[in-house]
Every structure is written in structure tokens, then in C-alpha cells.
Amino acid sequence: MTSIRGALLCWLNGGLLLCCLAAAAAVYSLVENEVGELNDYQLRLVAESISSNPLEAVRNDASKRTDFDIDDDDQFIIQTWDPDGTQTYSSVPALGLQLDRQNGYKTVATASGPWRIYCALMRGRYIQVGLQLRARNQLAVRIALRAIVPLLLLFPLVSALVWIVVNRGLRPLTRVMRSLKERSATALQPLPTEGLKAEILPLVLALNDLLERLSRAITVQRNFVADAAHQLRTPLAAVRLQMQLAQRAQSSDERISAFDDLANGVNRAAHLVEQLLTLAKHEPDGIQYRMLPLDLAGVVTLVVNECSLLGREKTIDLQVRAEEPVGIVGDLEALRVMLQNLIENAIRYTPSFGRVEVRVDGGDRQARIEISDTGPGIPEVERERVFDRFFRRQGTQQTGSGLGLAIVRNIALRHRAVVRLLTASSGNGLLVRVEFPKQAA
């Protein structure tokens, strides 16, 4: 696992080293060019000065030498020829450098290495002046090293400075990391933002937002567990009491009645547990929904058919008006749970021989579901409270867990929909309207 500090140091020091090497290569190239131009200029000056001073052969034993080892003092050569090609002077006869009648500069390969030669016809004779390239290159290296060595010696100092700067730059991030590491699992207070750099501040703000959402989620879960424990205590106590009554029954009729009460208590407890699990499943931070294109009219028709048996048992006129398809993006299972809770509530709270109507509209790219009934309705002052968990209206005769509308609101919120409770057009019933946003339609 690589760290930001290690990556920065590696890239910065590596880039610095590459820059030093590139600078050294550039310096050597410039020095070599300058030394070459200077040597060429010197060769021409020597040739011009020789043209006015006659030279005599100083090494008459040149024909007797067969070696081609050039001493350090023989890195420079001067030769002269008559126009007919007769050599009149050579400072290094052993080199055996031949006359080239072409005027100007050229590089000649010899047994002792390459030479840089300047040849010119001046005052009736050929003058040829040369310098061994090895000597010129050595001079270029010596001059370049004087400029490159200080640069290379500065590299460790600059590298240490880079290390200090990187550590100082990452110090705020280290403080944030240490602050998080020292916290306990229950410490969800926001991190301090005073004195943070502009690059670290967005990260800390995002972490604070995450901590705030996590704190809310934990609070909701704690409240949920506390409420669930409180709500389960009553039906479980009733089941225990009914079981004891069944055990103490003296006659078969008493036993049958006790077992009927026990079965009803178990069913109520099972329904409460099922609603609790459904509520937890559809919390804002619950399972991930599978948002797919759906026909809302088809989903409503399917749920109405599933609830038709409950309507027939109470002789409720259950109608659905969803003739045209209404496209929407949503989770099929979640929408079925929401609609089932709304339609079953409408049927339960509507008196026998009443009417429940479900309508689906999709105009102006906005999907809407309306469920109206002919029941007692909900007073306007309580329409917001009925969405709270375990809230039960005073005086209601229907059994329930008080979680149905809380589940409906959670599912609607995760679909960015709005649930409204209104008075039905009949004047004494309830109209539940679920409006989906235009983006979802």
C-alpha cells in the first residue's frame, strides 16, 4: 500500500534527479560546443601566424620511427607543404598525417585516434594544423564538471528540503487522521475545521457530514429498537396470559375459546414483527432499491387484485381507475408494500358496504396515485402525527401496529414522492394522494 507522502517524495525527488541529469547533459553539450568552436578558432589563428614565419623540419629521424604512440605533449600538430606536395615541416612526424588540399576544417581518423584538422593555402604553401579530439574532449569534461559537480552536490540538500516541505504540507491531514484514530466508536462529534488548509477542508466537511448522518442513523436505530421492545412487550405478555388461560381451562369450550384468543394474539404479534421488519427494511439508510422503469398503473392494478379478497370479506366496493399506462422509475417490491398498506388501511377503516377507489394519473410528466374511501377520515390536526411510528388514534376500533403510514412515508421519501392526507370528495372520507416528481415519471 503506497502512501501520499511516499508517492510525493518519489515523484518529486525522481523529477528533481531527472532535471539534474538533464541539466548536466545540457551543460556538457554546451561546453563541448563552446570548446570546439574555441579550438577551431585557435587552429585558424595558429595557421595564420605560421604563414608569416617559415618553419624548418625539426625531426629528421621521422623515417626511422615506426611507432604511432603520441605523447601528451604531441596532442597538437603543425605541418607545412610546398604547392607541389613536398612536406617541409611536421611537429609530429610519427603521426604520418597526409596532406589534404581541401581548405577548411575536417576530422581525420588515425591510428592514435581522431584529429581535428584545419588546412589552408597561405603565401604559396599549405599549412595544416591539428588537435587530437581526445584532448579537446578532456578539456570539455573538465570544464563541464566544474559546473555540474556543484549542481549534483545540491541534490541531497534540495531532496531534504522537499522531504521537509512534504511533511509540513501533510501535517494537517496527519492531525485529522490522528483525531479520527483516537476516537471511540460512539464519538460522532464533528471534527474541528479551524485553521485547516483549503485542500483539507472539503475532506473534513465531507467527514463531518458523514458523521452527522451516521449519528442520525444510529439515533433512529436506537429509537427503533426501544420502540420495538416496548411495542412487543404488550402482545407477548398477552400471548403468555392467553397460554396460561388455555392451560387452566376446565372445559373444552373454555379451552377452545382460550386457544382462539391465543391464536389471535400470536397473529397480532406476528403482524407487528412483520411490520417492524418492513419498516427497518425501508428506512432511508436501508437496503438499496432496484430502480427500474415500471408501469405504475399496472402495479396499482396488481395490488388492488391482491387486496380484493379483504374487500369482499367486508363487502367493500373496491374500484381501480388506471386505464392508461403511467411510466415511472421505481422499486417494484417497495411500491407494492406502500400501496398494500394504503389500500388495506382504506378497506379496514371503511365500514361494510362502503367504497374504496384507487386512481392513477400521469399528466404533465407527473405520476399521481389517489386512494379515497368512505370511512371516518382523519381530523386535520392529526394528519401529520399519523405518520409517526406506533401512533394510534384514540377511539379507533381497528387493530393494527401503527407502523403502516410510517412505512408508506419512508418508501415515498426514497422515491422522492410526497404523501398528502386530504378530505375525500364525499366530505366524510379520507383521500390519500401520492405525488411522484417529474424526474421520476
Asks: Show which side-chain atoms of residues 136-156 pair as donor or acceptor with protein atoms under 3.5 Å away, not counting sequence neighbours.
Replies:
{"residue": "N137", "atom": "ND2", "partner": "L133", "partner atom": "O", "Å": "3.3"}

Asks: Within the structure provided, determine whether D209 and L205 are in side-chain contact (heavy-atom separation under 4.5 Å).
Replies: no
Asks: Would you say that C307 contacts I347 through its side chain, given a criterion of any heavy-atom pair below 4.5 Å between the two side chains?
Replies: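 Yes - at least one pair of side-chain heavy atoms lies under 4.5 Å apart.
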Asks: For side chain to side chain contact (heavy atoms under 4.5 Å, CB included), just list the numbers for S179 and L191, CA-CA rounded to whole Å, side-chain angles, deciding distance to a tenth of an Å, and then say yes or no.
Replies: CA-CA 8 Å; S179 176; L191 296 170; 3.5 Å; yes
Asks: Quick one: do R368 and D361 make a salt bridge, cutoff under 4.0 Å?
Replies: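 Salt bridge flag = yes for D361 with R368.
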Asks: With a 4.5 Å heavy-atom cut-off, do V408 and L342 have their side chains touching?
Replies: yes
Asks: When rounded to the nearest 0.5 angstrom, what is the spacing between OH in Y118 and CD in E48?
Replies: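 Atom-to-atom, Y118:OH and E48:CD are 6.0 Å apart.
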Asks: Can you name the nearest heavy-atom pair linking P114 to T107, along with the distance?
Replies: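 It is CB-CG2, 4.2 Å.
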Asks: Around atom CD of Q189, are there more than 12 heavy atoms from other residues, nucleotides or ligands closer than 6.0 Å?
Replies: yes
Asks: How long is the span from the CG atom in L121 to the OH atom in Y126, to the nearest 0.5 Å?
Replies: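 Here the interatomic distance stands at 5.0 Å.
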Asks: Per the salt bridge (Lys or Arg N to Asp or Glu O under 4.0 Å) rule, what does the pair list look like for residues 334-343, sequence neighbours excluded?
Replies: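 Sorted pair list: E306-R336.
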Asks: Looking only at non-hydrogen atoms, find the nearest pair between N103 and A120 and report the distance.
Replies: OD1-CA, 3.5 Å
Asks: Identify, with sequence neighbours excluded, every residue that meets side-chain contact (heavy atoms from CB on, under 4.5 Å) alongside L9.
Replies: R5, N13, V162, W163, V166
Asks: Using a 3.5 Å distance criterion without hydrogens, assess whether the side chain of S308 forms a donor-acceptor pair with backbone atoms of N305.
Replies: yes
Asks: Taking C-beta and beyond as the side chain, do D331 and H415 meet within less than 4.5 Å on heavy atoms?
Replies: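 D331 reaches H415 side chain to side chain.
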Asks: Could you work out, with side chain to side chain donor-acceptor pair (under 3.5 Å) as the rule, every residue matching R409, not counting sequence neighbours?
Replies: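 Testing R409 for side chain to side chain donor-acceptor pair (under 3.5 Å), a comparison that skips the adjacent residues, returns E384.
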Asks: Looking at every non-hydrogen atom in both residues, tell me the closest pair between L296 and A367 and how far apart they are.
Replies: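 Shortest heavy-atom contact: CD2-CB, 3.9 Å.
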Asks: Would E344 and L310 count as a side chain to side chain contact (heavy atoms under 4.5 Å, CB included) here? Give the steps.
Replies: CA-CA 8 Å; E344 287 183 355; L310 180 62; 4.1 Å; yes
Asks: For residues A322 and T301, report the shortest heavy-atom separation together with the two atoms involved.
Replies: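 Looking at all heavy atoms of both residues, the shortest contact is CB-OG1, 4.2 Å.
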Asks: Locate the shortest heavy-atom distance separating L294 from G330; write the atom from each residue and the value.
Replies: CD1-O, 3.3 Å
Asks: Identify the heavy atoms of A417 and F436 that sit nearest to each other, and give their distance.
Replies: CB-CD2, 3.7 Å
Asks: Show your working on side chain to side chain contact (heavy atoms under 4.5 Å, CB included) between I78 and V46 and close with a plain yes or no.
Replies: CA-CA 9 Å; I78 300 174; V46 171; 4.1 Å; yes
Asks: Please tell me if the side chains of L45 and Q42 come closer than 4.5 Å, counting only heavy atoms from C-beta onward.
Replies: no
Asks: Would you say that more than 12 heavy atoms from the other residues, nucleotides or ligands in this model lie under 6.0 Å from the OH of Y41, or not?
Replies: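 Counting neighbours around OH of Y41, 12 or fewer heavy atoms of other residues, nucleotides or ligands fall under 6.0 Å, so no.
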Asks: With rounding to the nearest 0.5 Å, note down the distance linking CD1 in I328 to CD1 in I369.
Replies: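 It is 7.0 Å, given to the nearest 0.5 Å.
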Asks: Hey, could you give me each pair passing salt bridge (Lys or Arg N to Asp or Glu O under 4.0 Å) that has a residue in residues 109-122? Not counting sequence neighbours.
Replies: D40-R116
Asks: Mind checking whether Q79 and S91 have side chains closer than 4.5 Å, heavy atoms only?
Replies: no
Asks: Could you tell me the separation between the CG atom of L339 and the CD1 atom of I371, rounded to the nearest 0.5 Å?
Replies: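 Nearest 0.5 Å value for the CG-CD1 distance: 6.0 Å.
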Asks: Just by distance, do the side chain of T350 and the backbone of D373 share a donor-acceptor pair under 3.5 Å?
Replies: no
Asks: Could you grab the distance from atom OG1 of T423 to atom CD1 of I378, nearest 0.5 Å is fine?
Replies: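 Nearest 0.5 Å value for the OG1-CD1 distance: 10.0 Å.
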Asks: Excluding sequence neighbours, so at least two apart, what forms side chain to side chain donor-acceptor pair (under 3.5 Å) with S29?
Replies: none
Asks: Can you tell me how far apart CG (L405) and CE (M338) are? Round to the nearest 0.5 Å.
Replies: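 Here the interatomic distance stands at 11.5 Å.
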Asks: Is the side chain of D82 donor-acceptor paired with the backbone N or O of D84 at a distance under 3.5 Å, no angle test?
Replies: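 Absent.
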Asks: Can you tell if the side chain of L431 reaches within under 4.5 Å of the side chain of R433, non-hydrogen atoms only?
Replies: yes
Asks: Before giving the answer on side chain to side chain contact (heavy atoms under 4.5 Å, CB included), spell out for V358 and I343 the whole-Å C-alpha distance, their side-chain angles and the decisive distance to 0.1 Å.
Replies: CA-CA 8 Å; V358 184; I343 295 174; 4.2 Å; yes
Asks: Report yes if some heavy atom in the side chain of R321 is under 4.5 Å from a heavy atom in the side chain of Q319; otherwise report no.
Replies: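 SC-SC contact between R321 and Q319 confirmed.
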